[in-house]
Amino acid sequence: MQWFTSLDAWVQALIAALMMYLMTTLGAASVFFSKKINKTVITALTALAAGIMIAASFFSLLLPAIEYESKVPSYITVTVGFLLGGAFIILSDYGLSRSKLSFEAIGDKKNALLFIAVTLHNIPEGMSVGVAFAVSAVATGNTVLSAFLLAVGIAVQNLPEGMCVAFPLRAKGMSPLRSFLFSQASGAIEIPAAVIGALAAGAIGGLLPWALSFSAGAMIAVVCSELIPECFSGNKSVASAGLVAGFCIMMILDVALG
């Protein structure tokens, strides 16, 4: 640990972000164990992803935004940020539906929207880790350990989040390899985000609660417009059970790892 603490803050953030990305990749790799999934399993996995994303929106994004110290009252930050995030997805959905662009690489426009939302959610998470390491470089006390534990907590949460993109893409008929590649790519954004957060902690720190709540609004909008209708068009009992299970899994990870 002494070797780690002697490193520059941005290097610490880079190492932590690589660990976080690795966990996303491991979660995405689980799609290789599902060569041919029946409709009930697809419904359960899609609902599981929806539950995970709903829980992550509150415990990983909104709650930290509410608790973040800022000159602007938290209720204003989270409300405006959440509304802007939801509006962004609604407008993106409208724009994509009218767009002449081809989305063959990622399957269809719905898959593109899901990928955008999860990638957006990973940006403020990576930045928060970078800011935490930057603060630890100038603060007193064992704050490096606190920053590292924050990264560990996000890394563990990234395991089921890696499934959130992979399995819905697989359910849409995408091959396991392409589902994996897109899912791991959504987590790769945490690496530059963490480094930028560490290098520009002063400027980024004030924007974090806005970015967190914006990402939460975007995720909820995608879950409501794409994942929930998709899974509940099948077996409603299986969909309900999967959604509740996904929420509980993510809630336990978030609360336990704080």
Side-chain angles (χ1 to χ4, degrees), residues 9 13 17 20 50-96 113-136 138-139 143 146-147 149-151 153-154 157-158 161 164 186 189-190 192-228 243 246-247 250-251 253-258:
M20 291 152 55
I52 288 170
M53 289 175 72
I54 292 171
S57 295
F58 177 73
F59 293 102
S60 297
L61 299 172
L62 282 179
L63 195 57
I66 292 170
E67 295 174 345
Y68 199 91
E69 292 185 8
S70 174
K71 295 179 180 179
V72 181
S74 61
Y75 68 88
I76 294 177
T77 303
V78 295
T79 302
V80 175
F82 190 88
L83 287 172
L84 290 175
F88 173 78
I89 292 299
I90 293 169
L91 292 173
S92 297
D93 192 14
Y94 177 76
L96 291 174
L113 205 61
L114 174 64
F115 177 77
I116 289 169
V118 176
T119 303
L120 276 175
H121 139 267
N122 283 326
I123 294 173
E125 282 195 350
M127 286 181 173
S128 66
V129 169
V131 170
F133 279 110
V135 169
S136 72
V138 295
T143 51
S146 298
L149 290 176
L150 171 64
I154 292 175
Q157 295 158 25
N158 281 354
E161 284 180 14
C164 284
S186 71
I189 193 67
E190 287 184 334
V195 174
I196 291 171
L199 293 174
I204 297 295
L207 294 175
L208 261 182
W210 296 94
L212 289 166
S213 52
F214 179 93
S215 300
M219 276 186 92
I220 290 294
V222 168
V223 169
C224 292
S225 64
E226 305 298 341
L227 295 186
I228 288 180
L243 193 147
F247 187 95
M250 199 64 190
M251 177 174 62
L253 289 175
D254 269 311
V255 173
L257 297 170

Minimum-distance pair of heavy atoms, taken over all atoms of [X] and [Y]:
X      : Y      : value
Ala194 : Ala13  : O-CB, 3.7 Å
Ser57  : Met219 : OG-CB, 3.4 Å
Ser74  : Ala65  : CB-O, 4.4 Å
Ala216 : Leu62  : CB-CG, 3.7 Å

Quick one: are Ile123 and Ser215 in side-chain contact, heavy atoms under 4.5 Å?
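Of all side-chain heavy-atom pairs linking Ser215 with Ile123, none is under 4.5 Å.
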
Interatomic distance, [X] atom [atom1] to [Y] atom [atom2] [nearest 0.5 angstrom]:
X      : Y      : atom1 : atom2 : result
Phe88  : Ile90  : CZ    : CD1   : 12.0 Å
Met251 : Ile54  : CE    : CD1   : 12.0 Å
Leu63  : Leu212 : CG    : CG    : 10.5 Å
Phe214 : Ile89  : CZ    : CD1   : 7.0 Å
Ile66  : Thr79  : CD1   : OG1   : 8.5 Å
Ile189 : Asn122 : CD1   : CG    : 8.5 Å

If you apply the rule side chain to side chain contact (heavy atoms under 4.5 Å, CB included), what do you find for Trp210 with Val80, and how did you get there?
CA-CA 8 Å; Trp210 296 94; Val80 175; 3.8 Å; yes

Going by the rule side-chain contact (heavy atoms from CB on, under 4.5 Å), which residues pair with Ile196 if we only count those two or more places apart in sequence or in a different chain?
Ile204

Step by step, work out the side chain to side chain contact (heavy atoms under 4.5 Å, CB included) result for Val129 and Glu190.
CA-CA 9 Å; Val129 169; Glu190 287 184 334; over 6 Å; no

Kindly state each residue pair satisfying side chain to side chain donor-acceptor pair (under 3.5 Å) with at least one member in residues 124-135, sequence neighbours excluded.
His121-Glu125

Ring geometry between Phe59 and Phe247 (parallel below 30°, tilted from 30 to 60°, perpendicular above 60°):
perpendicular

Side chain to side chain contact (heavy atoms under 4.5 Å, CB included) between Leu243 and Ile228, intermediate numbers included
CA-CA 9 Å; Leu243 193 147; Ile228 288 180; 4.1 Å; yes

